[in-house]
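What follows is one structure encoded as structure tokens, with my remarks underneath.
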Amino acid sequence: MQTLEGRRLIRVRTYRADLRRPFPPSFAERLEGRRVEKLARRAKYLTIFLDDGWVWLIHLGMSGRMLIGPADDTRPGKHDHVIVETEEGLRVAYNDARRFGLMDLCAKTDLAEHPLLAALGPEPLEKAFTPAVLAKALSKRSGPIKTALLDQTLIAGIGNIYASEALFRAGIDPTRPAETLGLKEARPLVAAIKAVLAEAIEAGGSSLRDHRRPDGELGYFQHAFAVYDREGMPCPKCDCAEGVRRLVQSGRSTFYCAKRQR
DNA sequence: CGGCAAACCTGCGAGC
DNA sequence: TGCTCGCAGGTTTGCC
């Protein structure tokens, strides 16, 4: 998507009225003619800053992806819901089989107060995300630490895969009540969260089944999971008999090593 | 308010 | 081979 920076959007087409939510009024018309000034991210939201002071907000949901290529064929492919063409002959298609994603437009000056962003917790990759900050957030929760890590109002941007991976690296039992983690255990957990997210971004993201990178390849980080989706396989860090275990917390799979994580 | 289940949607893999 | 069924992901909604 870096490839969009600096480009002018000359043609925007939507192929349905909504994703998870309806597109905002006059969505395509408000994008057409705009130049992209900057791409950024807040939690799992992509923020595209436009030259008229508005921001194009995109969430990929679970199966959303941006397909980038030349604009010589503008017909929508299967599950292409929005297609953008730039002045330079680039075609960017938002493709999302499950339509759990969403798009919105927001004035740059109101971005922090946008309903989808206002309640988000701190960015884990920022310097300000410290063990003290994490410990304080977790002290408010009596539920399991794994579930708390997925709460976007406590910490922004951790998904189900990375919650398991971070807890494994930090050696923390996913069922531990969040409030029982003190500063001492928040320290390795912060380090693990930062490392897991940074490595995943560096590797081009994770992917499962039909989720692919823009070039069609699986996200490389998929090949680096220590525990996620590895039930029954040996723990990569110890020789325990059971290997990686799976449990369900709040309806989501958690993978962990019972011997290593306490 | 916290915690949890269900809902949204589709593709895929397992099992018959 | 072809069918059904369960499950995966992120977030919101609704119920206790």
Side-chain angles (χ1 to χ4, degrees), chain A residues 14-23 41-47 57-67 76-82 93-104 106 114-121 123-124 136-166 174-181 193 196-197 200-201 204-213 216-219 221-223 225 227-233 244-256:
Chain A
T14 58
Y15 295 94
R16 52 179 300 120
D18 59 70
L19 294 170
R20 199 173 84 216
R21 310 159 35 131
F23 291 105
R41 177 187 63 79
R42 171 70 173 114
K44 297 171 189 169
Y45 294 90
L46 176 60
T47 50
L57 268 179
I58 301 176
H59 194 295
L60 298 175
M62 297 195 289
S63 55
R65 53 191 173 150
M66 293 294 190
L67 302 173
K78 194 175 187 185
H79 304 310
D80 283 350
H81 307 308
V82 179
Y94 175 83
N95 182 285
D96 185 1
R98 287 164 230 189
R99 305 203 303 273
F100 279 15
L102 65 84
M103 294 190 188
D104 201 3
C106 175
H114 189 284
L116 295 169
L117 307 184
L120 291 171
E123 287 289 329
K136 189 180 175 190
L138 296 179
S139 71
K140 303 170 191 164
R141 286 285 191 281
S142 59
I145 175 68
K146 156 64 162 36
T147 305
L149 290 183
L150 292 178
D151 186 335
Q152 303 295 299
T153 69
L154 292 184
I155 315 119
I158 301 178
N160 197 44
I161 293 169
Y162 304 128
S164 282
E165 293 294 319
T175 66
R176 285 265 304 280
E179 61 193 1
T180 67
L181 273 88
I193 290 169
V196 164
L197 292 180
I201 290 171
S206 306
S207 60
L208 301 164
R209 299 203 177 106
D210 53 330
H211 179 194
R212 299 296 173 100
R213 294 197 304 177
E217 292 302 307
L218 292 172
F221 193 72
Q222 159 154 8
H223 307 300
F225 293 160
V227 288
Y228 184 82
D229 205 20
R230 294 174 66 84
E231 184 179 16
M233 298 169 77
V244 176
R245 295 195 199 178
R246 171 183 180 269
L247 72 104
V248 175
Q249 298 175 288
S250 292
R252 314 298 302 280
S253 285
T254 302
F255 298 89
Y256 69 107

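Just so you know, these numbers come straight off a predicted model, no measurement behind them. Every chain is numbered from 1, with letters handed out A, B, ... down the list of sequences.
Between the P atom of dG10(C) and the CG atom of Leu120(A) lies a distance of 15 Å, rounded to the nearest Å. Atom CZ of Arg98(A) is separated from atom P of dC8(B) by 16 Å (rounded to the nearest Å). Leu102(A) places its CG atom 9 Å from the P atom of dT11(C), with the value rounded to the nearest Å. In this structure, Asp18(A) places its CG atom 18 Å from P of dT11(C), rounding to the nearest Å. Taking atom CZ on Phe100(A) and atom P on dC8(B), their separation rounds to 9 Å, with Å as the unit. Atom CD in Gln152(A) sits about 13 Å away from atom C1' in dT12(C), given to the nearest Å. Arg21(A) has its CZ atom 8 Å from the P atom of dT12(C), to the nearest Å.
An OP1 or OP2 oxygen of dC9(B) is reached within less than 4.0 angstrom by no side-chain nitrogen or oxygen of His79(A). For the OP1/OP2 pair of dT10(B) and a distance below 4.0 Å, the side-chain nitrogens and oxygens of Lys78(A) include no atom meeting the criterion.
Between Asn160(A) and Lys146(A) there is a side-chain heavy-atom pair separated by less than 4.5 Å. Side-chain contact between Thr14(A) and Met103(A) is absent, with no heavy-atom pair separated by less than 4.5 Å. Side-chain contact between Leu116(A) and His59(A) is absent, with no heavy-atom pair separated by less than 4.5 Å.
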Query raised in the report: Does the pair Thr47(A) and Leu57(A) meet the rule for a side chain to side chain contact (heavy atoms under 4.5 Å, CB included), with working shown?
Result: CA-CA 5 Å; Thr47(A) 50; Leu57(A) 268 179; 3.5 Å; yes
Report task. Please test Gln249(A) against Thr175(A) for side chain to side chain contact (heavy atoms under 4.5 Å, CB included), starting from the C-alpha separation and ending with a verdict. Result -> CA-CA 8 Å; Gln249(A) 298 175 288; Thr175(A) 66; 3.9 Å; yes
Nucleotide N/O of nucleotides 14-16 of chain C paired with protein N/O under 3.5 Å:
none

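The listed nucleotides are dT11(C), dC8(B), dG2(B); the one nearest the side chain of Arg141(A) is dG2(B). Nearest nucleotide to the side chain of Tyr45(A), out of dT12(C), dG11(B), dG10(C): dT12(C). Considering only the side chain of Arg20(A), dT11(C) comes nearest among dC4(B), dG11(B), dT11(C).
Residues forming a ring-ring contact (aromatic ring centres under 6.0 Å, His included) with Phe255(A) (at least two apart in sequence, or on another chain): Tyr228(A). In this structure Phe23(A) satisfies the ring-ring contact (aromatic ring centres under 6.0 Å, His included) test together with Phe27(A), sequence neighbours excluded. For His81(A), the side chain to side chain contact (heavy atoms under 4.5 Å, CB included) partners are Arg16(A), Leu19(A), His79(A), Tyr94(A), Asp96(A), Arg99(A), not counting sequence neighbours.
In this structure, Leu116(A) reaches the sugar-phosphate backbone alone: every heavy-atom distance under 4.0 Å involves primed, P, OP1 or OP2 atoms, never a base. In this structure, Lys140(A) reaches neither bases nor backbone, as no heavy-atom distance under 4.0 Å exists between it and the strands shown.
Going from the P atom of dA6(B) to that of dG6(C) covers 14 Å, rounded to whole Å.
For the pair Gln152(A) (side chain) and Gly157(A) (backbone), a donor-acceptor distance under 3.5 Å is present. Panel note: side chain Glu165(A), backbone Val227(A); a donor-acceptor pair is recorded below 3.5 Å.
Within residues 245-254 of chain A, the residues that place at least one heavy atom under 4.0 Å from DNA chain C are, in residue-number order, Arg246(A), Arg252(A), Ser253(A).
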Query raised in the report: With Watson-Crick and G-U wobble geometry limited to distances under 3.5 Å, how should the secondary structure of DNA chain B be encoded in dot-bracket form, using | for bases paired to another strand and [ ] for crossing pairs?
Result: .|||||||.|||||||
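Checking Ser253(A) against Arg246(A) by side-chain atom types alone, a donor-acceptor pair falls below 3.5 Å.
For the residue pair Ser63(A) and Ala97(A), the shortest heavy atom distance occurs at OG-N, 3.7 Å.
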